[in-house]
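Okay, handing you the structure first.
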Amino acid sequence: MRAFLVLLVLLAIGILIYVFNFREKAEDAVTPPVVEEEIGEPVTPEVDEQETVALPRFDIVRVDRSGFAVIAGRAAPGAEVTLFANGEALETAMAGADGAWAINTETPLAAGPVELSLSMTTPDGMVVNSVNTIIIYVPENDEDQPVVLRTTPGGATEILQSADAPDGALGPLSINSIDYDDGGNVIFSGRAEPDSVVQVFANRNPVGQANADAQGRWELSTTIPPGRYTLQIIQLDETGNPKYAVEVPFEQASL
C-alpha cells in the first residue's frame, strides 16, 4: 500500500513538471521577441499643395495725381501675377525667385474710386487670388492728392497714402487705420504730436476727439451712420486752434 502511495506521489510530481514545462514553452512560442529598432529621420507628413502656396499680396502702392501707379508685392516664386482694376485685367508681371514682383502702370487709373486686386498663376498652373484689396481714390482736381487704402476681410483698413493737407504740409498728423469693434463701432487711429488733441469730422460734422499719448498715438471709437464721407482729421495747438489737418474718403457700409 505504501509503495502504491509513493507511486501516486511520483506520478503527480511528474505531471506537474510536465505541465510547467509545457506552459513555459507555450509562452515562449507566443511572446514575440523584443527587437530594438534604429530611429531614423522623422517623416514629414504630406501637406495639401494649396496650403504651401503663398497668397499674392500688395506691399507698396504709390499713386500720383495723374493716376499712374507704382505697385509691388510678393507671390509664389516664378508665378505670373495679374493686377486687376475694378475687375478688369490691367497689367501682368512675373514674380522672381524670391517671390518679389513690381508693376509700373502704363495707363493712368481713371478718376474716382478704383479697386485693385491680384491673381497669380503658379508654374504648375494653380490659380490663387489675393485676400486683401487696394482702394484708390484718384483725384478729379489737379490740386488734390490721391488716397490709397489697403483692406483685408475681417481686418483693419490701412491707409498707405494720405491726401496732403490744404497747405501742403502734413506735419506729424496722420490717420493710419480704420477698424471696427464687435458692436459695429468705427475705430479711427493714427499719430499726432505727443499729448495733443485730435478732432475728427465727417463731411464737416464733428464726430469726436481724442488725446494723443506720450508717443503720439491717438484712437477714437465712435458710431457713424452708413454712407460716404470725407473725414477731416485736425490736430489742435496749445490755444485750441487747428495746427495740422488731413482729409481721407471713407465709406461706412450697412451692418
Side-chain angles (χ1 to χ4, degrees), residues 57-65 69 73 112-116 131-141 143-255:
R57 74 169 191 255
F58 295 95
D59 287 336
I60 299 172
V61 181
R62 300 297 297 177
V63 183
D64 63 19
R65 291 181 179 179
V114 179
E115 181 180 274
L116 300 182
V131 173
N132 57 4
T133 58
I134 298 292
I135 305 297
I136 299 175
Y137 292 86
V138 181
E140 298 181 358
N141 303 318
E143 63 272 15
D144 294 335
Q145 294 287 343
V147 176
V148 179
L149 311 174
R150 176 167 55 196
T151 66
T152 302
T157 298
E158 303 172 77
I159 299 177
L160 303 183
Q161 182 177 335
S162 298
D164 287 344
D167 59 1
L170 281 173
L173 179 63
S174 68
I175 177 170
N176 298 333
S177 70
I178 303 173
D179 204 352
Y180 298 89
D181 62 18
D182 294 337
N185 296 318
V186 186
I187 304 173
F188 303 107
S189 62
R191 301 192 68 85
E193 290 183 319
D195 303 316
S196 62
V197 176
V198 176
Q199 294 181 333
V200 179
F201 296 80
N203 292 345
R204 307 297 176 182
N205 296 313
V207 170
Q209 72 176 31
N211 295 320
D213 62 18
Q215 287 73 44
R217 296 186 295 264
W218 63 269
E219 181 177 292
L220 173 65
S221 176
T222 186
T223 301
I224 296 181
R228 292 185 177 182
Y229 301 91
T230 297
L231 299 178
Q232 294 84 28
I233 317 299
I234 298 175
Q235 178 192 312
L236 304 181
D237 62 14
E238 294 80 0
T239 62
N241 293 315
K243 186 176 182 180
Y244 301 105
V246 294
E247 287 191 357
V248 294
F250 169 68
E251 182 174 357
Q252 170 72 339
S254 299
L255 299 179

Please report the C-alpha distance between V197 and Q209 in whole Å, then the side-chain angles of each, then the deciding distance to 0.1 Å, and finally whether the side chain to side chain contact (heavy atoms under 4.5 Å, CB included) criterion is met. CA-CA 7 Å; V197 176; Q209 72 176 31; 3.9 Å; yes
Rounded to the nearest 0.5 Å, the CD atom of E193 sits from the CG atom of L173 at a distance of 9.0 Å
Is the backbone of Q215 close enough, under 3.5 Å, to the side chain of D213 for a donor and an acceptor to pair up by distance?
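Yes, the answer is positive, given that a donor and an acceptor are paired below the 3.5 Å cut-off.
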Any donor and acceptor pair, going by atom type alone, linking the side chain of Q232 with main-chain N or O of T230 inside 3.5 Å?
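Answer holds: yes.
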| query | Which atom names give the shortest non-hydrogen contact between P194 and A214, and what distance separates them? | reply |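 The pair with the smallest heavy-atom distance is CB-O, 3.3 Å.
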Any F188 side-chain heavy atom under 4.5 Å of I224 side chain: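 F188 vs I224: side chains touch.
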_L149 side, atom CG; I178 side, atom CD1 - distance, nearest 0.5 Å_ =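 Rounded to the nearest 0.5 Å, the CG-CD1 separation comes out at 6.5 Å.
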In Å and rounded to the nearest 0.5 Å, what is the CD1 to CZ distance from I136 to R150?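 Between I136 CD1 and R150 CZ, I get 12.0 Å after rounding to 0.5 Å.
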### From CA spacing to verdict: side chain to side chain contact (heavy atoms under 4.5 Å, CB included), L231, F201
CA-CA 6 Å; L231 299 178; F201 296 80; over 6 Å; no
- Chi angles and distances behind the side chain to side chain contact (heavy atoms under 4.5 Å, CB included) call for N211, W218: CA-CA 6 Å; N211 295 320; W218 63 269; over 6 Å; no
State, without any angle test, whether D179 and S177 hold a side-chain donor-acceptor pair at a distance under 3.5 Å.
->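 Looking only at side-chain atoms, S177 and D179 do not form any donor-acceptor pair under 3.5 Å.
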Rounded to the nearest 0.5 Å, the CG atom of L220 sits from the CD1 atom of I175 at a distance of 9.0 Å
Requested in this report: Please assess Y229 against N205 for the test side chain to side chain contact (heavy atoms under 4.5 Å, CB included), listing each intermediate value before the final yes or no.
Outcome: CA-CA 10 Å; Y229 301 91; N205 296 313; over 6 Å; no
Sorted by chain and number, sequence neighbours left out, side-chain contact (heavy atoms from CB on, under 4.5 Å) with T133 holds for E115, S117, T151
Do E219 and I187 make a side-chain contact, defined as non-hydrogen atoms from C-beta onward lying under 4.5 Å apart?
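The answer is yes, as the side chains (C-beta and beyond) meet within the 4.5 Å cut-off.
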| field | Test item: I233 and V198 side chains (from C-beta on) under 4.5 Å apart, heavy atoms | value |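 A side-chain contact exists here, since the closest heavy-atom pair is under 4.5 Å.
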| Contact check, side chains of Y137 and V114, non-hydrogen atoms, under 4.5 Å |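 Counting from C-beta outward, Y137 and V114 never come under 4.5 Å.
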From the list K243, Q235, R191, side-chain contact (heavy atoms from CB on, under 4.5 Å) partner of P172 resolves to Q235
